[in-house]
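In this chain, residues are counted from 1 in sequence order.
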Amino acid sequence: MRFPLILAAAAVAAALAALPAHAADDIPGIAPGDYDVVMSKSFMNAHPDMLYRLRGLGALQRSEARQAESYFRHAARYADKLSQAFLAQMLWEGRGIPQDRALAYAWMDLAAERGSPMLIAERERYWAALDEAQRTRAVAEGKALYAKYADKVTQPRLETAMRRSRTQEVLGSHTGSVVSQIDLCVGDWRMKNYQLVCDKRVTADHFYQPRFWKPADYWKWQEQQIGAPKGEIQLGTPETVKQEGT
């Protein structure tokens, strides 16, 4: 079964792959009205973990494995456990990059850092398939990865990005309004009667739900997505949708 790749499904830049909107019904913890929020450009720009995971999936779809690897590594810098697991699987299978099962185990061990049962199961499957020499190197590789990509290093980086984005949104209103009174655009801007209008808006209270912005709640929400599917991990191939303006 696939990971819930829909978490990253937002067409926010050219050449990005995305899942269709109706798939939002399958996302644990996301109501239909929240789908527009997590797909919005402003949301994704404030959540580089999800943004670069999506770009990695788009690169995989185009058979650009090296580019996908680069994007997943960037997402991994923002504590994205799914991207860390995707890197592990690419290395394990040799999917467009040289196969390295010791390093693959190290990445999967890192992905399972928070104790997600599915990732732990995949990590143990990897370990059982390694020989003694590979296990020795996997432990050494893991130390280097943890020093750079462990939660204690990467979670503060994402939390800073989210906090900075929210602060800029408030300061950029130029209205003196409190956050809860600001309507935010989560759709497309279109010309109507010679004026730019937004086709989808939500209140700031809706946009800034704690599970999407408050660090402790956000990490719990992310774990919901990882823990939802059961069975073997597959990267899968995301569907393509038309990009904005095409």
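Within the structure, the ring-ring contact (aromatic ring centres under 6.0 Å, His included) test picks out the following pairs touching residues 101-122 (sequence neighbours left out): Y105-W127, W107-Y149.
The salt bridge (charged side-chain N to carboxylate O under 4.0 Å, His left out) search around E69 returns R66, R73, not counting sequence neighbours. Contacts of D151 classified as salt bridge (charged side-chain N to carboxylate O under 4.0 Å, His left out), with partners at least two apart in sequence or in another chain: K81, R114. Under the rule for a salt bridge (charged side-chain N to carboxylate O under 4.0 Å, His left out), the partners of D109 that lie at least two apart in sequence or sit in another chain are R123. Under the ring pair (Phe, Tyr, Trp, His ring centres under 6.0 Å) criterion, W92 pairs with Y126, not counting sequence neighbours. Residues satisfying the salt bridge (charged side-chain N to carboxylate O under 4.0 Å, His left out) test with E64, not counting sequence neighbours, are R62.
Ion pairing between K220 and E223 fails under the 4.0 Å rule for side-chain N and carboxylate O. For E141 and R137, the salt-bridge test passes: some basic side-chain N is under 4.0 Å from an acidic carboxylate O.
Tracing side-chain contacts under 4.5 Å through hydrophobic residues (I, L, V, M, F, W, Y), one reaches Y146 starting from V139; they form part of the same cluster. Using a 4.5 Å cut-off between side-chain heavy atoms of Ile, Leu, Val, Met, Phe, Trp and Tyr, with links allowed through other members, L130 and I120 fall into different hydrophobic clusters.
Residues Q209 and D217 have side chains not in contact (no heavy-atom distance under 4.5 Å, counting atoms from C-beta outward).
Annotation for Q155 and A79: closest pair CG-CB, 3.7 Å, computed over non-hydrogen atoms. Contact record, P98 with L91: O-CD2, 3.9 Å, taken as the closest heavy-atom pair.
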